[in-house]
Amino acid sequence: MLRFTLERLVGMVITMLLVSVMVFLIMELPPGDYADRYAFRKYSGTGVNVTEADIEAIRRDLGLDKPMLLR
């Protein structure tokens with residue numbers, strides 16, 4: 001019974017790790033990054049002009065300016 005439980009736990013950890021990596025890679029595939037989509041969604045229809053400096057500030061706040069392995 002203990003062996004069965006340990007096998008299930010190890011399988012669960014591996015599955016969660018693989019799913020996390022897959023989701024991260026899928027989020028990296030589209031052109032642009034999350035900061036572009038976030039700024040567009042937040043400010044669309046409000047008449048506010050979003051500058052590149054605003055998007056860079058969003059990237060810093062969200063930690064997107066760090067290398068992929070550190071995120």
Return the set of residues passing side-chain hydrogen bond (donor to acceptor under 3.5 Å, both in side chains) with Asp65 (not counting sequence neighbours), or none when no residue passes.
->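 Once residues adjacent in sequence are excluded, Asp65 has no partner under the side-chain hydrogen bond (donor to acceptor under 3.5 Å, both in side chains) criterion.
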
Quick one: do Glu56 and Arg60 make a salt bridge, cutoff under 4.0 Å?
->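 Arg60 and Glu56: not salt-bridged.
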
Heavy atoms of other groups near Phe24 CZ, more than 12 under 6.0 Å = yes

With [X], which residues qualify under side-chain contact (heavy atoms from CB on, under 4.5 Å), at least two apart?
X	value
Leu9	Thr5, Met12
Leu69	none
Arg8	Phe4

Contact summary for Ala35 and Leu64, nearest pair of heavy atoms = N-CD1, 3.6 Å

Shortest non-hydrogen pair, Ile55 vs Val50, comes out as CG1-CG1, 3.8 Å

Provide the full list of side-chain hydrogen bond (donor to acceptor under 3.5 Å, both in side chains) pairs with a residue in residues 15-25, sequence neighbours left out, each pair given once.
->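 Sorted result for residues 15-25: empty, none.
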
Within residues 30-40 or reaching into it, pairs that qualify as side-chain hydrogen bond (donor to acceptor under 3.5 Å, both in side chains) - sequence neighbours excluded = Asp33-Arg59, Tyr34-Arg41, Asp36-Arg59

Value rounded to 0.5 Å, distance of CE in Met1 from CG in Leu6 | 11.0 Å

Shared ILVMFWY cluster between Met22 and Ile14, side chains joined below 4.5 angstrom?
->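 No; Ile14 is not reachable from Met22 via cluster members.
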
same_hphob_cluster(Val23, Ile26) at 4.5 Å side-chain heavy-atom cutoff = no

